[in-house]
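Just so you know, these numbers come straight off a predicted model, no measurement behind them.
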Amino acid sequence: MWQVEILTIFPEIFRSFLKVSLVRKALDRALFAPTLTNIRDFASAPHFKVDDSPYGGGPGMVMLVDPLVQAIRAARSRRPSARVILFSASGPRFTQRRAIELSKLDDLVLVCGRYEGIDQRVIDLEVDEEISIGDFVVMGGEVPAMLFIEACLRLRPGVIHNSESTAHESFSPGFGDGTLLEAPQYTRPENFEGLGVPEVLLSGNHKLIHAWRLEESGKRTAKIRGTQDDNKER
């Protein structure tokens with residue numbers, strides 16, 4: 001079972017996420033056991049304040065040390081072997097390869113920051129790893145946490161009925177060299193508004209189909225990723 005502690009000041013964001021699709025099925029089949037913790041529960045009454053202005057000045061607010069450290073330590077007490085992950089724009093970018101590695105861990109603590117970030121001392125004391133979902137900034141760690149859960153959960157045994165599907169998709173080490181984007185996909189009808197399915201996919205020749213998919217993956221990767229690299233240089 002994949003046991004994941006989610007620490008957030010907005011637990012309600014996760015309510016519908018946990019009730020639909022493969023996430024819900026994994027819960028129903030006891031493959032996934034998330035625990036939602038409101039960080040405010042570890043803040044002091046009566047205001048249950050979890051943020052304050054930054055030392056040195058500057059815009060925005062910073063999450064306080066004490067409530068967050070207490071929340072993480074409480075989660076660690078329930079999951080002593082858990083790896084603590086903080087979602088942060090400062091972390092290394094999340095990749096399929098890292099998703100594969102982290103999906104193999106049975107216990108995780110996911111920390112969802114807010115505001116301008118969290119006090120660095122929380123990171124120094126309690127965080128094992130920071131993860132960024134891309135070179136952009138969002139309002140908090142909740143959506144990154146959901147993306148992370150989907151990316152990892154689908155790789156856990158039994159979650160996806162046909163495990164072959166995760167071995168032949170974009171960025172998978174078993175598909176090309178792990179850097180290729182997946183080839184175009186088609187299903188019925190065979191012809192739609194004058195656009196047909198490539199003949200090779202109708203041939204039944206699996207060797208030719210595999211070669212076609214690798215070639216198309218190479219073309220798609222060069223076109224899309226090559227354009228992105230060109231934009232970075234401008």
Side-chain angles (χ1 to χ4, degrees), residues 1-6 14 17-18 20-27 29 31-34 81-113 127-138 140-187 206 209-232:
M1 182 184 292
W2 200 42
Q3 301 184 104
V4 178
E5 301 269 348
I6 305 167
F14 292 90
F17 170 73
L18 296 172
V20 297
S21 190
L22 290 176
V23 175
R24 176 58 183 268
K25 289 181 180 179
L27 278 165
R29 291 154 61 192
L31 299 173
F32 175 41
S81 63
R83 185 167 186 80
V84 178
I85 294 171
L86 169 69
F87 298 101
S88 165
S90 302
R93 277 189 291 183
F94 190 47
T95 64
Q96 183 69 12
R97 190 174 298 277
R98 195 71 188 113
I100 292 169
E101 293 167 351
L102 291 170
S103 71
K104 296 175 182 177
L105 302 180
D106 290 331
D107 300 292
L108 292 171
V109 176
L110 307 183
V111 182
C112 304
V127 172
D128 296 312
E129 178 176 352
E130 294 180 74
I131 284 178
S132 167
I133 60 166
D135 293 344
F136 54 91
V137 178
V138 293
E142 287 77 15
V143 170
M146 286 186 271
L147 290 170
F148 174 89
I149 289 169
E150 284 223 348
C152 293
L153 181 59
R154 64 191 299 276
L155 298 171
R156 296 281 299 183
V159 173
I160 291 182
H161 178 67
N162 185 356
S163 59
E164 282 265 328
S165 64
T166 63
H168 300 281
E169 58 189 3
S170 298
F171 314 119
S172 293
F175 186 67
D177 61 356
T179 62
L180 292 178
L181 303 180
E182 193 170 1
Q185 299 280 8
Y186 297 87
T187 188
H206 296 294
I209 291 170
H210 179 70
W212 178 86
R213 283 176 171 159
L214 277 178
E215 182 180 358
E216 291 300 310
S217 290
K219 290 178 182 177
R220 176 178 274 189
T221 304
K223 179 180 179 181
I224 296 174
R225 291 305 169 99
T227 301
Q228 291 176 347
D229 291 340
D230 290 344
N231 289 337
K232 286 179 183 178

Restricting to non-hydrogen atoms, name the atom on [X] and the atom on [Y] that form the minimum distance, rounded to 0.1 Å.
X: I149; Y: I6; value: CD1-CD1, 3.8 Å
X: A183; Y: S217; value: N-OG, 3.2 Å
X: G113; Y: E142; value: O-OE1, 4.4 Å
X: C152; Y: A99; value: SG-O, 3.7 Å
X: A82; Y: V109; value: CB-CG2, 3.8 Å
X: F14; Y: C112; value: CZ-SG, 4.1 Å

Report the C-alpha separation of V138 and V143 in whole Å, then their side-chain angles, then the decisive distance to 0.1 Å, and conclude whether the side-chain contact (heavy atoms from CB on, under 4.5 Å) test is met.
CA-CA 8 Å; V138 293; V143 170; 5.6 Å; no
Contacts of type side-chain contact (heavy atoms from CB on, under 4.5 Å), residue [X], not counting sequence neighbours:
X: A33; value: M1, Q3
X: T187; value: none
X: K219; value: E215, E216

Residues two or more places apart in sequence or in another chain: which of them pass ring-ring contact (aromatic ring centres under 6.0 Å, His included) with W212?
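With sequence neighbours excluded, W212 shows a ring-ring contact (aromatic ring centres under 6.0 Å, His included) to no residue whatsoever.
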Sequence-distant partners of F148, ring-ring contact (aromatic ring centres under 6.0 Å, His included), two or more places apart
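For F148, the residues satisfying ring-ring contact (aromatic ring centres under 6.0 Å, His included) (neighbours in sequence not counted) are F87, F94.
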State which residues pass salt bridge (Lys or Arg N to Asp or Glu O under 4.0 Å) with R98; sequence neighbours excluded, sorted by chain then number.
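In terms of salt bridge (Lys or Arg N to Asp or Glu O under 4.0 Å), with neighbours along the sequence ignored, R98 is linked to E101, E129.
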Reported [atom1]-to-[atom2] distance for the pair [X] and [Y], which is rounded to 0.5 angstrom:
X: I133; Y: L147; atom1: CD1; atom2: CG; answer: 5.0 Å
X: L214; Y: L180; atom1: CG; atom2: CG; answer: 7.0 Å
X: E150; Y: S21; atom1: CD; atom2: OG; answer: 6.5 Å
X: T95; Y: I131; atom1: OG1; atom2: CD1; answer: 8.5 Å
X: L153; Y: L31; atom1: CG; atom2: CG; answer: 8.0 Å

Evaluate the side-chain proximity of [Y] to [X]: yes if any heavy-atom separation is below 4.5 Å, no if none is.
X: F32; Y: L18; answer: yes
X: R225; Y: L181; answer: yes
X: I85; Y: V111; answer: no

Ionic contact status for R156 with D106, cut-off 4.0 Å:
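Judged by the 4.0 Å cut-off on N to carboxylate O distance, D106 and R156 do form a salt bridge.
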R83/D107 ion pair, N-O < 4.0 Å:
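No.
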Verdict with supporting geometry, R93 and D135, side-chain contact (heavy atoms from CB on, under 4.5 Å)
CA-CA 8 Å; R93 277 189 291 183; D135 293 344; 3.5 Å; yes
Between R29 and R24, does the side-chain contact (heavy atoms from CB on, under 4.5 Å) criterion hold? Intermediate values first, please.
CA-CA 9 Å; R29 291 154 61 192; R24 176 58 183 268; over 6 Å; no
